[in-house]
Structures are given as structure tokens and as C-alpha cells.
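Read the structure below first, then the notes.
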Amino acid sequence: MKYLSIVFVFLLTLSVNGQDLDFSKIEKKVIEWRRHFHQNPELSNREFKTAKTIAKHLKSLGIEVQENVAKTGVVGILKGKKPGKVVALRADIDALPVTERNNLPFKSNVKSTFLGKDIGVMHACGHDTHIAILMGVAELLSKNRDKIKGTVKFIFQPAEEGPPPGEEGGAKLMIKEGVLNNPKVDAIFGLHINSLTPVGTIKYKKGGIMASVERFVINVKGKQTHGSQPWSGVDPILISAKIIDGLQTIISRESQLTNEAAVITVGKITSGSRFNIIPESAEMIGTVRTLDPKMRTHIETRMKEMVTTLAKAYGGEATITFQNNTSITYNDPKLTQKMLPSLRKAAGKENVKIMKATTGGEDFSYFQEVVPGMYFFLGGMTPGNKEPFPHHTPDFKIDESGLILGVKAMIQLTFDYLNN
């Protein structure tokens, strides 16, 4: 118990320019905000009430506020007492089309329509915690602007999970609308709560930490015929099978997986109408995940070559198209090395750990293509929990005692980047 008390006090204090900041009061607020957003989730590009709550809070702190950025995004600008660089802090604000399945007192009972289907809405990836953390950071920084050398830009980003079909949104649209300018951002920081990482822990990695995400569609054209006479037609299902098999050799035989991971997955195949008809066409939809720009280029080039060549070899035709969903979430090595001591000050050196890259994707990556950025993972799992629930599931849960470290880490990064 004595050890736990020491850790608790450590997490609730932070020394900035020789002065201690007290986090005990803001922690309660952060948890209350998190529960409010969890109980009132909104889907991508529909975060209207969420945005109003964020904007109202920032305005109450005397922070300059821009609303309706990239449809529903909110940007706050806090100028310190002295001139200096500009640092951006980002939190994503959208929820997912998932029906919550737990007994939390602040469980979401919100219903909506997604792709024509009625479904529940849930913060099943922890974006509610990201909003609350950044609101807490904004409050503390606004009360200590005399200690800030430069400017802090708070970016509350909608549609990280992807805008609805036919709409623009997310980080791409924010950048397009100039969120990294006026004032021009010098560096950007972001975090993600993680339900599989123990509370009190921060995980990071230089370089590629999350994968680029490409969606691909392959259309195969054959020649329809009776199922009893395959020699009189061209079977697009057989061609599809050969293509799927061939694509995996790009990963297993051509990709240097000792450098970085890579994945090609065909997640959907559609073809045919009856058991005794060889159809005319087939469609395959899948994803490519890569963590290295050169590997990404090679894999896409080889996929294009293989799809057309294999289809031709079996008497058919095929085309492949790619849609980029996220780029590689790439932590600038120099910035990450420079800011590593800040993470250690916030969490304790023993609690900051190097992680392996994940093949999940994040559109924070688009910000990093424009300015140097660093993205890290924050522990949200109760220590000792043997059955934590993954993200994007109905049972997803977060230990709220981990949120205060997120506030502390972001503030430490901000002060150290701007003042050193």
C-alpha cells in the first residue's frame, strides 16, 4: 500500500520550470468528461453535440476557438506569454457502430443508422478518453500560460474511423482546410489509450509504429457457362483462388519481414448465383498493411503485376484498384529521441517501454506527413487483468485510473518542446 501511495502522488504532480502542478482536481473532471462522452457517442462526421461540448469548454478557458473544421472538428489556440514555436496536440472524437455489451453505469444506449442498418453506437476504441484527456490538458495549460513559450494548438479531430461513403473527413480534410497553418505547426503529438497495456505504462517506437492501410478491389472477368461444361467457359472463381494464393507469396517470399511486418488480406469475395453455373465475373475486396514505404511500393507494384498476369494465364482478365485509408504512422526519429526524456519524467523511466509496430492504422499519420510528429500508447488495462477486451468490440473497457498519466504526458511534452 505504501508503494501504491507513492506512485499515486507521483502521477498527480509535475514539476514545470521548478514549480509543481497539481493534477488531483483535474483528474476528477477528466473522468466525468469521459463518462459523459461515453454515454453520448456520435459517429464519424456526425459529432455535433460532442463538438459543442468541447468548444464550450475551451471558450470558458479563454482559448481562441475555431469550430466546424472538417465538418465537426474543433481547434483551440492558446498563446503563451512569450513568443516561440507552435506545438499541436490531437485527440480524435468519433465513436463506432458497435452495440455496447457491458454493465457500466454510463453505458451507451445510443442508436443510429450505419450503412442503412440500425445499430448501437459506442466509444469502442477509447476516443472518449482522448477527448477528456485533451480537455484536461487545455484547462491546465490555460491556467499556466505564463509558463508557456510559444503557442499550443488543440486539435479535436472528427472521423478518425473514416468518413461515411461519399464524404470527406478526418485528418486529411483538416489538413486540406489548413489546420496545420495560421499559426504554422512545428510539431504534433498524439496518444491512444490501449486496453491491453497496463495502467501507468507508456509504449512508443521510433519510425513506423502503425501501418498504412490500403483497401483494394479486384474485379475478375471470365466467361459464363454451364457448371457441367467448364471447358466451354472461363471460371472467374478459379482465377480468384489462384490470385489469392499468389498474392500471399508476395508476403511470404518477397517481403523482408525481418525489417517490418506486412499483410495482404482478402476479406470478401463475391461471385455466382447458382451451384451449377460458372459465373461471368468475381469481385474480391481486401486490405494491405505495411510499415515501410519501400515495402509498400513494392507490394502494390507486384500485386498489380500478379493480378493481371494470373488472370491472363487462366484465360480471363482482371483489374485491381487501391484506396488509401491511412499512411504509415511514422514517428520522426529525431523528435522521438528528443522527447523520450519527457515521457520518462511523466511516467517514470521504468514505465516507458519500446513496443513492436502494430498493423492497425491511424489517420494521425497524415499530420506526420506534413510536420514531425510523435504518437504513443497509453496504458488503460487494470494490472493483472487476464482477460482484457480488445478495441472495436462490444465488451471494450478502459481503467479510468490511467487517464491522468495521459494528461501529464501531454503537458510534459508541451512544456519541454516549447521551453527547451
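Numbering of residues begins at 1 and proceeds along the displayed sequence.
For the 3.5 Å distance criterion, the side chains of Asn181 and Lys184 fail to qualify, holding no donor opposite an acceptor. A donor atom on one side chain and an acceptor atom on the other are found under 3.5 Å apart for Asp94 and His127.
Between Leu335 and Ala187, the closest heavy-atom pair is CD2-CB, 4.2 Å.
Open room surrounds NZ on Lys79; 12 or fewer heavy atoms of other groups in view lie less than 6.0 Å from it. Within 6.0 Å of the NZ atom in Lys52, the count of heavy atoms belonging to other residues, nucleotides or ligands does not exceed 12.
For Asn324 (side chain) and Glu214 (main-chain N/O), no donor-acceptor pair under 3.5 Å exists by modelled atom type. With hydrogens and angles disregarded, no donor-acceptor distance shorter than 3.5 Å links the side chain of Lys304 to the backbone of Ile299.
By the 30° and 60° cut-offs, the orientation of the rings of Phe396 relative to His391 is tilted. Aromatic ring pairs are classed by plane angle as parallel below 30°, tilted from 30° to 60° and perpendicular above 60°; the pair His38 and His123 is tilted.
Ring to ring, Phe364 and Tyr375 are close: their centroids are under 6.0 angstrom apart.
The pair Glu177-Lys172 fails the salt-bridge criterion, with no side-chain N (NZ, NE, NH1 or NH2) lying under 4.0 Å from an Asp/Glu carboxylate O.
Only one option out of Thr290, Thr359, Asn325 pairs with Ser212 in a side-chain hydrogen bond (donor to acceptor under 3.5 Å, both in side chains); it is Thr290. Partner of Tyr314 under the side chain to side chain contact (heavy atoms under 4.5 Å, CB included) criterion, chosen from Asp235, Ile239, Val220: Ile239.
Two residues are said to be in side-chain contact when any heavy atoms from C-beta on lie closer than 4.5 Å; Ser108 and Pro41 meet this criterion.
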